[in-house]
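Just so you know, these numbers use all the heavy atoms, side chains as well, and skip hydrogens, waters and symmetry mates.
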Amino acid sequence: QWKWVQILSKTQQTQSLIMAVNRLMDQDETFRDLKFIGIGFPKSYATWIEVEAKKYNIDPLLVRSLIRQESAFSLKAFSTSSAMGLMQMIPMTAEEIARRLKMKVRIPDDMYRPEVNVPMGTFYIVDMLNQFSKNVPMALGAYNAGPARLKSWLELRPEVMALQQSPGNDPLDEIWLDELPWNETSFYIKAILRNILIYQMIDKGPVQFKPVFW
């Protein structure tokens with residue numbers, strides 16, 4: 001399987017590569033090393049990610065980590081909910097973003113072009129950050145479940161909504177992630193936050209935690 005991982009890495013078959021790395025780590029603990037883990041955390045499409053993150057003054061690791069979870073860097077990714085491309089844009093959202101950015105796009109064709117998908121997806125996650133007071137977990141939840149659904153849930157949980165303005169590092173402040181009524185969204189948020197931490201360790205070594213790391 002290690003030889004298979006090497007082949008997938010050289011041919012940049014990222015979706016199969018990530019699955020193979022995860023499988024190998026589950027089977028053999030000796031592969032749970034940061035150097036090996038890094039193989040399963042590609043830095044594909046770095047140019048587009050860096051440009052768009054700089055445009056909106058956000059950490060490019062957030063965009064990269066989101067793409068890894070959404071599509072595993074597979075340019076032609078297509079989901080059962082008709083989400084397309086690297087950042088898994090659904091047609092309705094893509095049309096809205098195209099209007100707001102005054103971009104002429106052909107759906108679905110242009111959604112499989114990184115020079116279109118990454119700018120549109122980055123704009124959307126920035127929009128979610130703005131709607132949820134820069135709270136990264138909530139913005140990710142909105143990206144996945146939809147901002148209207150998340151806001152409706154938050155209105156029933158004022159103590160969680162208050163975390164938008166005053167996030168902390170108390171574990172009790174993170175319980176809401178497991179109380180979301182959408183299991184997929186709960187897992188999605190935690191997976192991307194994990195991705196961010198691992199990319200930080202790959203880039204810089206041991207991570208020095210801030211009060212709120214994101």
Side-chain angles (χ1 to χ4, degrees), residues 1-26 31-79 81-90 93-94 97 101 103 105-126 128-129 136 139-140 143-144 187-205 207 214:
Q1 286 208 359
W2 167 236
K3 289 183 178 180
W4 178 236
V5 167
Q6 290 177 306
I7 292 171
L8 292 172
S9 180
K10 288 179 180 179
T11 56
Q12 297 185 340
Q13 298 181 57
T14 53
Q15 199 168 40
S16 297
L17 171 65
I18 290 170
M19 292 175 62
V21 167
N22 290 342
R23 191 180 306 115
L24 197 54
M25 286 193 296
D26 287 341
F31 285 101
R32 296 177 187 176
D33 176 87
L34 193 58
K35 291 182 180 179
F36 178 76
I37 293 172
I39 297 173
F41 282 77
K43 298 182 179 179
S44 309
Y45 307 104
T47 299
W48 289 109
I49 292 170
E50 294 285 344
V51 167
E52 294 305 313
K54 185 176 181 180
K55 181 188 298 182
Y56 299 107
N57 194 30
I58 63 171
D59 191 337
L61 292 187
L62 172 60
V63 181
R64 181 177 296 134
S65 298
L66 189 151
I67 291 175
R68 186 186 185 275
Q69 182 62 26
E70 285 284 3
S71 65
F73 297 95
S74 176
L75 193 60
K76 299 295 184 182
F78 183 80
S79 77
S81 59
S82 300
M84 301 166 286
L86 293 172
M87 300 188 74
Q88 289 289 274
M89 306 300 299
I90 62 173
T93 303
I97 292 172
L101 291 175
M103 294 173 63
V105 299
R106 295 172 301 164
I107 298 174
D109 295 3
D110 286 342
M111 292 300 98
Y112 301 111
R113 296 168 55 202
E115 64 270 29
V116 175
N117 194 288
V118 174
M120 291 178 69
T122 303
F123 176 86
Y124 189 53
I125 188 60
V126 169
M128 297 302 99
L129 285 166
V136 172
L140 292 172
Y143 192 101
N144 179 260
F187 176 83
Y188 176 90
I189 297 170
K190 290 184 283 188
I192 295 177
L193 295 178
R194 174 211 61 190
N195 292 350
I196 293 172
L197 283 173
I198 293 176
Y199 273 123
Q200 285 179 348
M201 289 190 292
I202 291 169
D203 289 347
K204 302 175 183 178
V207 175
W214 44 263

- Message: Going by salt bridge (charged side-chain N to carboxylate O under 4.0 Å, His left out), name the residues that satisfy it together with R64, two or more places apart in sequence or in a different chain.
- Response: E50

- Message: Take a 6.0 Å sphere around CG of D109 and say whether it holds more than 12 heavy atoms from other residues, nucleotides or ligands.
- Response: yes

- Interatomic distance, CE@M201 vs CG@L34, rounded to 0.5 Å, equals 6.0 Å

- Query: Would you call N144 and I189 a side-chain contact if the rule is heavy atoms closer than 4.5 Å?
  - Reply: no

- Message: Once side-chain contact (heavy atoms from CB on, under 4.5 Å) is applied, do any residues pair with L101, and if so which ones, sequence neighbours excluded?
- Response: Y56, I97, M103, M120, F123

- Once you round to the nearest 0.5 Å, how far does CD1 of I196 lie from CZ of R68? 12.5 Å

- A20 to L8 - nearest heavy-atom pair and separation: CB-CD1, 3.9 Å

- What's the shortest heavy-atom distance between S71 and A77, and which atoms? CB-CB, 3.7 Å

- Task: Begin from the C-alpha positions of V116 and W48 and carry the test side-chain contact (heavy atoms from CB on, under 4.5 Å) through to its verdict.
- Result: CA-CA 10 Å; V116 175; W48 289 109; over 6 Å; no

- Would you please name every residue forming a side-chain contact (heavy atoms from CB on, under 4.5 Å) with A139, sequence neighbours left out? I125, M128, L129

- Task: Measure the acute angle between the ring planes of W2 and F31, then classify it against the limits of 30° and 60° as parallel, tilted or perpendicular.
- Result: tilted

- Message: Using side-chain heavy atoms (C-beta onward) and a distance below 4.5 Å, is R194 in contact with Q69?
- Response: yes

- Message: Please find the pair of heavy atoms, one from A53 and one from T122, that lie closest to each other, and give the distance.
- Response: N-CG2, 4.5 Å

- Message: Assess the residue pair N22 and M19 against the criterion (side-chain contact (heavy atoms from CB on, under 4.5 Å)); give the C-alpha distance rounded to whole Å, side-chain angles, the decisive distance to 0.1 Å, and a yes or no.
- Response: CA-CA 5 Å; N22 290 342; M19 292 175 62; 5.8 Å; no

- Item | Over all atoms of both residues, closest heavy-atom pair of A94 and I107 | CB-CD1, 3.8 Å

- Looking only at heavy atoms, what is the nearest atom pair of M87 and I67, with distance? CG-CG1, 3.5 Å

- About how many Å separate NZ of K190 and CG of N195, when rounded to the nearest 0.5 Å? 13.5 Å

- Message: One pair to check against side-chain contact (heavy atoms from CB on, under 4.5 Å): L62 and L140. What are the steps and the verdict?
- Response: CA-CA 10 Å; L62 172 60; L140 292 172; 4.0 Å; yes

- Got a donor-acceptor contact below 3.5 angstrom from the S65 side chain to the L61 backbone? yes

- Interatomic spacing from CD1 in I7 to OG in S16 - rounded to 0.5 Å: 12.0 Å

- Only counting residues at least two apart or in another chain, list the ones meeting salt bridge (charged side-chain N to carboxylate O under 4.0 Å, His left out) with R113. D110, E115

- Using the test side chain to side chain donor-acceptor pair (under 3.5 Å), find all partners of E52 that sit at least two apart in sequence or belong to another chain. K55

- Query: Can you name the closest pair of heavy atoms from L86 and P114 and give their distance?
  - Reply: CD1-CB, 3.9 Å

Could you pull out every donor-acceptor pair under 3.5 Å between side chains of residues 36-47 and any protein atom, sequence neighbours left out?
from: K43; atom 1: NZ; to: D203; atom 2: OD1; distance (Å): 2.4

- Message: Determine whether a donor-acceptor pair (N or O, by modelled atom type, separation under 3.5 Å) exists between the side chain of N117 and the backbone of L75.
- Response: no

- Item | Q88 side chain vs G85 backbone, donor-acceptor pair below 3.5 Å | yes

- Between CE of M111 and CZ of R106, what distance do you get to the nearest 0.5 Å? 10.5 Å

